Engineer: 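Could you have a look at this structure, given as structure tokens, before my questions?
Computed from a prediction, not measured in an experiment: that's the story for all the values here. The residues of the chain are indexed from 1 along the displayed sequence. Whatever order the structure lists them in is the order used to number ligands and atoms, beginning at 1.
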Amino acid sequence: MIPEKIKKILRKQHYEIVGEHSAVQICRWTKKSLRNEGVCYKEKFYGIKSHLCCQMTPAVIWCPNKCVHCWRAIELTLGDKISGKIDSPKKIIDGCIKAQRKLLTGFKILPNSRKKQLSKADIKKYQEAQEPMQFAISLSGEPTIYEKIGNLISGLRKRGKTSFLVINGLYPEKIKELKNKNQLPTQLYISVNTPNKELYKKFHRSSKKNAWEKLNETLEFFPKIRNKTRTVFRMNLVRGLNMIEPENYAKLIKKSNPLFVEIKGFMSVGFARKRLGYERMPTHKEVKDFSEKLVKELNSIGENYKILDEKIESRVLVLGKRKEELKIKKI
Ligand code: SF4
């Protein structure tokens, strides 16, 4: 259950609370796409549609970490066990779709109205957006803490929707369970932001004592699911903090053999702004220079990754082995 005080704060940040422990927030790229002002890098790289994306979480304030770069309200998180009543996946999916529709109301255009309308939305896109087809399970908190995450993913698949699940890697047993039950998402992201254990402690400030070891256990398991889901090793680069030791990042990538490596520049927004200022945001050139160093290290250990694409305004690049694998072909 989410305490009333925290609900208030989340609502102020335009979250729509769903049931007991889930939430939706409209991504700024969904809004931009609705106004035909651009799309997110995941639409450019993988082909999902930003205007059909539902950014949600089934564990809005539950996470064992307090990562310094997180732009969510980690100061409010309540550890790694959801307390109280647990909602069914169906209730969460239906609730998220309803919440998404509610949050998009401001984009509505009344075609026959004589009143001056403020919305700049593309009406066709707005109508399509009533039925989100992509679930970004990543909004806030650690989604694998929700015990029925596998059924949530298979519920989305049954409805013909793609799912991107972002994990912190601290629950390898959950990923093994998803594999055994055939419940892996369309695309599975693991966040890896440090090349060694010492920096991991400072960066992620985990309440789990063996967090680095758990992360590595999940990375070691990744090759076993390579043909079951599209795996992504995701790095968030903070200037003057974790843009070091490309050779050690390369070893972690080799160990997990992901389909893609996403390398993104840190954004000093939301709650992260209080911890790390604008001066910590690397430019696209810095992110690209680091990516090139990483490619060199990977190539030197026999991993033929290369830069497949980039989106300059998002300061992000994607590495992989074959460009033709980028676009999603099946849910
Ligand atoms: S995939 Fe991510 S960035 Fe793109 S629209 Fe969805 S939540 Fe936003």
Engineer: Tell me whether Cys27 has at least one N, O or S atom under 2.8 Å from atom 8 (Fe) of ligand 1.
Structural biologist: yes
Engineer: Could you state the interatomic distance from CD1 (Ile190) to CG (Leu219), rounded to the nearest 0.5 Å?
Structural biologist: 4.5 Å
Engineer: With rounding to the nearest 0.5 Å, note down the distance linking CE in Met56 to CD1 in Ile93.
Structural biologist: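 Result: 7.5 Å between the selected atoms.
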Engineer: To the nearest 0.1 Å, how far is atom 2 (Fe) of ligand 1 from its closest protein heavy atom, and which atom is that?
Structural biologist: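 Looking at atom 2 (Fe) of ligand 1, the protein heavy atom closest to it is Lys42 NZ, 3.3 Å.
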Engineer: Which of the atoms of ligand 1 are close to Ile48, meaning less than 4.0 Å from one of its heavy atoms?
Structural biologist: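 What qualifies from ligand 1 is 1 (S).
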Engineer: Mark yes or no: Lys108 above the aromatic ring of Tyr126, with NZ or CZ under 6.0 Å from the six-membered ring centre and no more than 45 degrees from the axis.
Structural biologist: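 Not satisfied by the 6.0 Å and 45° rule.
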Engineer: Can Lys293 and Glu297 be counted as an ion pair, charged N to O under 4.0 angstrom?
Structural biologist: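 No salt bridge links Lys293 with Glu297.
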Engineer: Should you measure from each heavy atom of Ala136, which atoms of ligand 1 turn up under 4.0 Å away?
Structural biologist: 7 (S)
Engineer: Can you pull out the closest protein heavy atom to atom 4 (Fe) of ligand 1? Residue, atom name and distance to 0.1 Å, please.
Structural biologist: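 Nearest neighbour among protein heavy atoms for atom 4 (Fe) of ligand 1, to 0.1 Å: Cys40 SG, 2.4 Å.
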Engineer: At less than 4.0 angstrom from any non-hydrogen atom of Thr30, what atoms of ligand 1 do you find?
Structural biologist: 5 (S)
Engineer: With a cut-off of 2.8 Å, does any N, O or S atom of Cys53 fall short of it relative to atom 6 (Fe) of ligand 1?
Structural biologist: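 Yes.
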Engineer: Going hydrophobic residue to hydrophobic residue with side-chain gaps under 4.5 angstrom, can you get from Leu308 over to Val287?
Structural biologist: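 No.
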Engineer: Between Lys98 and Glu16, does any NZ, NE, NH1 or NH2 come within less than 4.0 Å of an OD or OE carboxylate oxygen?
Structural biologist: no
